[in-house]
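Note that the structure is a prediction, hence the values are computed from the model and not measured. These numbers come from the heavy atoms of this one structure, side chains and all, not from hydrogens, waters or symmetry mates. Lettering follows sequence order; numbering is per chain, from 1.
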4 protein chains.
Amino acid sequence: MEYSEKQLQIMKKAEKLFAEKGYNGTSVRDIAEKAGINLAMVSYYFGSKEKLLEAVFDYRIGMTKQLLSDILHKTNLSSLEKMNLLIDVYVKKIIEQQPFNKILAREQVVNTTGHTANLILQMKRTYMDTVLSLIREGQKKGEFQKHIDVSLLMTTIIGTANHLVTTKHYYRQLNNYEELSDEAFNKLIEKKLRNHIKFILKASLTYES
Amino acid sequence: MEYSEKQLQIMKKAEKLFAEKGYNGTSVRDIAEKAGINLAMVSYYFGSKEKLLEAVFDYRIGMTKQLLSDILHKTNLSSLEKMNLLIDVYVKKIIEQQPFNKILAREQVVNTTGHTANLILQMKRTYMDTVLSLIREGQKKGEFQKHIDVSLLMTTIIGTANHLVTTKHYYRQLNNYEELSDEAFNKLIEKKLRNHIKFILKASLTYES
Amino acid sequence: MEYSEKQLQIMKKAEKLFAEKGYNGTSVRDIAEKAGINLAMVSYYFGSKEKLLEAVFDYRIGMTKQLLSDILHKTNLSSLEKMNLLIDVYVKKIIEQQPFNKILAREQVVNTTGHTANLILQMKRTYMDTVLSLIREGQKKGEFQKHIDVSLLMTTIIGTANHLVTTKHYYRQLNNYEELSDEAFNKLIEKKLRNHIKFILKASLTYES
Amino acid sequence: MEYSEKQLQIMKKAEKLFAEKGYNGTSVRDIAEKAGINLAMVSYYFGSKEKLLEAVFDYRIGMTKQLLSDILHKTNLSSLEKMNLLIDVYVKKIIEQQPFNKILAREQVVNTTGHTANLILQMKRTYMDTVLSLIREGQKKGEFQKHIDVSLLMTTIIGTANHLVTTKHYYRQLNNYEELSDEAFNKLIEKKLRNHIKFILKASLTYES
DNA sequence: AATGAATGAGAATTCATTCAT
DNA sequence: TATGAATGAATTCTCATTCAT
């Protein structure tokens with residue numbers, strides 16, 4: 001699905017508002033105002049508010065799939081290197097696409113059916129398959145231990161990243177980072193998150209009971 | 001803050017609806033209907049829809065604080081035992097209070113100020129202090145390694161539990177648990193989650209670089 | 001179905017407006033203004049604009065059925081007397097309920113399915129059964145001729161009355177009755193219509209080829 | 001008024017939609033889509049939606065006037081023959097132009113002033129004059145009885161035809177013609193209507209009190 | 001002659017809340 | 001304590017029309 005410049009412009013503003021106030025907390029009026037367009041243009045370009053949300057999901061999840069596909073096709077890397085690259089890319093994406101991640105974090109709770117839920121499931125499957133193949137590779141080479149619950153391990157990685165990003169204002173207060181600029185704080189948590197996830201992974205994958 | 005029977009009855013129905021459809025997606029009419037009361041009674045008992053949400057938070061977070069306080073005062077346990085008990089209690093709570101956890105997961109994203117945000121911050125601080133003191137204890141005794149980012153470790157624990165519970169319908173599909181009854185599935189993920197978190201904790205706290 | 005005073009008040013104003021401007025040409029705002037109530041009360045009392053229209057149909061068609069039932073149960077009358085009474089009552093109803101008749105004339109054209117169409121069909125069946133039994137009675141007694149297409153005869157009676165009433169402004173102009181008051185004109189056409197239909201009926205039912 | 005091919009194409013589609021959903025129930029978008037043209041072309045070709053409706057009336061009523069004029073000028077026919085021809089032509093027109101007749105039936109109820117109302121009045125006058133002169137002719141020759149209310153007689157003819165055609169779906173159900181094809185059913189009611197109107201006319205015009 | 005974008009007005013409906021009883 | 005009626009604001013969406021190209 002391709003989107004015109006105008007559509008992308010609207011989608012970006014909508015994404016921001018959905019992230020800040022939630023889908024139901026955002027009115028089409030809000031979006032039209034922020035995007036500097038007439039109220040009726042949202043229906044004109046997307047059909048409805050819900051279709052606009054779906055467009056945002058389409059767009060972002062499409063990007064994500066592309067990222068994952070790119071990594072898998074880097075045939076010159078070892079499985080551990082691929083895993084590390086995957087973490088780097090994933091964390092970078094999470095930090096850069098914070099607004100969409102907030103929407104995703106909220107919508108996947110209540111939206112259990114429909115087009116959006118389908119997209120989310122597809123994305124989760126793609127992640128799962130990618131990680132699964134990487135871990136199997138590592139296990140074959142003896143780099144990783146045998147007893148790994150990949151699904152739960154992924155829940156941990158995604159849950160950690162999601163929770164940090166969606167509740168970063170609490171993390172900031174609890175750790176006294178309030179004097180940092182937004183930019184600096186984002187840089188900081190990106191680095192911390194990347195290292196932390198890699199640490200958790202290494203500890204889990206190489207743990208000897 | 002004490003709540004009357006009638007208030008608790010309303011709060012319970014509201015909690016369920018907020019969890020299923022989100023705060024903004026739930027109307028006062030919905031709540032009144034489900035609770036079998038007159039529409040105006042919501043305002044009468046709570047003042048407003050938002051105050052009702054706050055009451056739910058008050059109530060649930062109060063319960064959680066009590067739980068944590070109980071654990072800390074069990075002076076006859078070792079720090080590792082306390083930590084394990086904490087996990088048991090936390091996971092049990094997460095599973096039992098899934099509706100509230102869904103609300104919490106959603107509201108903490110958009111609600112960054114106000115009474116609710118304050119309650120959440122307090123709760124997080126309580127968790128943080130509890131875990132911090134347990135880990136310091138364990139480090140003193142040489143049971144845990146020295147370099148632990150407690151805040152991120154907690155992010156991992158909470159993030160893992162939250163993500164599993166709020167997106168459990170996806171977890172179910174991805175792992176082919178669709179034939180299980182709701183009850184059986186809840187039992188299963190409670191056990192899995194408990195073990196997984198303990199494993200992650202042990203692997204992290206005892207990791208040797 | 002019983003309607004409260006308030007509902008009847010709204011239905012009456014709505015009926016008038018629907019008759020004057022058509023269902024689609026009338027806004028809920030119009031109705032609320034004319035009825036002197038708040039805009040939201042229409043939804044409150046009827047659920048929706050369409051349900052309000054259905055209520056009007058329910059009410060008026062219910063009245064009509066009652067009228068027909070009353071006539072049929074007058075056992076002391078001959079079939080010709082019953083027929084004449086039926087015409088009198090029918091024409092009186094048509095004249096008195098001109099607004100509803102305009103709505104009916106318009107809606108039965110486009111509304112071919114749904115609750116409203118069902119009501120109309122029921123009413124038509126009731127009329128048909130009534131007239132059919134009266135004519136069969138008259139034929140048995142030898143008062144009426146044998147070859148009568150009752151369905152088309154009814155189409156003629158109803159069509160004549162409908163057409164006169166719904167296009168009476170044209171009838172008025174074509175026959176130079178413009179100086180008459182509304183009341184006087186209504187009186188006039190009621191009498192003319194009654195006699196005309198009786199004449200057509202007599203001529204048709206007793207025609208000898 | 002002459003219309004271009006393009007205009008006629010649009011008018012035809014518009015006529016169909018107006019008949020099916022009513023004028024107010026049909027959007028310019030609907031028409032543009034059905035006609036396979038750009039939305040703005042409706043305004044371009046007709047000025048407005050209302051002018052488009054007027055064009056349809058212009059066109060159809062112009063055709064009707066032509067038909068009537070043709071009959072009147074057939075000097076070789078007797079008045080009874082002319083009357084019969086008039087019925088044939090009228091019924092044929094009613095059946096063939098059902099969509100326009102539905103529009104007419106609806107619009108003449110609510111549209112009591114303006115260009116459209118004028119056109120309708122003109123047409124009615126033309127019909128009236130035609131029938132009046134035919135009946136006067138017949139009365140002079142002694143073929144018809146003296147006391148005839150021509151205006152009401154015409155109301156009966158037009159009303160009968162209108163009612164049958166605009167509510168033919170009910171007629172179909174009431175008389176169990178549902179298994180007939182549309183085409184066959186139209187053929188059937190055309191024949192029935194023609195005979196019925198002629199019968200009513202003959203019975204009325206020759207009735208002896 | 002035709003198009004796609006745009007607009008402002010208006011549509012029906014739902015909302016949380018209040019008030020008199 | 002409880003109710004049903006009422007309100008005004010806000011919701012999303014559709015409408016006919018216009019305009020620049």
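- Counting all heavy atoms, side chain and backbone alike, C/Met11 lies closest to C/Ala55 at CE-O, 3.5 Å.
- Contact detail for A/Val110 and B/Lys21: the closest heavy-atom pair is CG1-C, 4.1 Å.
- Residue C/Lys6 places none of its side-chain N or O atoms closer than 4.0 Å to OP1 or OP2 of F/dG4.
- The CZ-P distance, from A/Arg29 to E/dG10, rounds to 13 Å in whole Å.
- The CD atom of C/Glu5 sits 17 Å away from the C1' atom of F/dG4 (whole-angstrom rounding).
- Rounded to whole Å, the distance from NZ on A/Lys21 to P on F/dA10 is 12 Å.
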Practice task
Using Watson-Crick or G-U wobble pairs with both distances under 3.5 Å, give me DNA chain E in dot-bracket, 5' to 3', with [ ] for crossers and | for pairs to another strand.
Solution key: .||||||||||||||||||||
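- Distance OH (B/Tyr23) to C1' (E/dC15): 12 Å, rounded to an integer number of Å.
- For A/Glu2 against A/Gln7, the heavy-atom pair with the smallest separation is O-OE1, 4.2 Å.
- Residue whose closest nucleotide on DNA chain F sits further toward the 5' end, between D/Thr26 and A/Asn24: A/Asn24.
- Listed by residue number, D/Asn38, D/Ala40, D/Met41 are the residues of residues 35-43 of chain D with a heavy-atom contact under 4.0 Å to DNA chain E.
- A/Val109 pairs with exactly one of B/Glu20, B/Lys102, B/His169 by the side-chain contact (heavy atoms from CB on, under 4.5 Å) rule, that one being B/Lys102.
- The two residues B/Leu17 and B/Thr26 come nearest to each other via the heavy atoms O-OG1, 3.2 Å.
- The residue D/Ser4 sits apart from the nucleic acid: no heavy atom pair falls under 4.0 Å.
- Contact between B/Gln122 and B/Lys65 at its shortest, heavy atoms only, is OE1-NZ, 2.6 Å.
- At a threshold of 4.0 angstrom between heavy atoms, the contacts of C/Phe46 with the nucleic acid are absent.
- Listed nucleotides: F/dT11, F/dA16, E/dC15. Nearest to the side chain of B/Ser27: E/dC15.
- Toward the 5' end of DNA chain F, the nearer of the two residues A/Val28 and C/Tyr44, judged by each one's closest nucleotide, is C/Tyr44.
- In this entry the distance linking CG of B/Asp30 with P of E/dT13 reads 18 Å, nearest Å.
- Of the residues near DNA chain E, A/Tyr45 and C/Glu50, the one whose nearest nucleotide (by heavy atom distance) lies more toward the 5' end is A/Tyr45.
- Figure legend: A/Lys49 and A/Tyr23 shown as a cation-pi pair, the cationic atom lying under 6.0 angstrom from the six-membered ring centre and within 45 degrees of its axis.
- Whole-Å rounding puts the C/Ile10 CD1 to F/dA5 P distance at 11 Å.
- With respect to D/Glu33 and D/Lys13, no salt bridge is recorded, no charged nitrogen being found less than 4.0 Å from a carboxylate O.
- Remark: A/Phe100 pairs with A/Phe57 by the ring pair (Phe, Tyr, Trp, His ring centres under 6.0 Å) rule, at least two apart or across chains.
- Atom NZ of D/Lys124 is surrounded by more than 12 heavy atoms from other residues, nucleotides or ligands within 6.0 Å.
- The interatomic distance linking D/Leu17 (CG) with F/dC15 (P) rounds to 12 Å, in whole Å.
- A/Glu33 has its CD atom 12 Å from the P atom of F/dT12, to the nearest Å.
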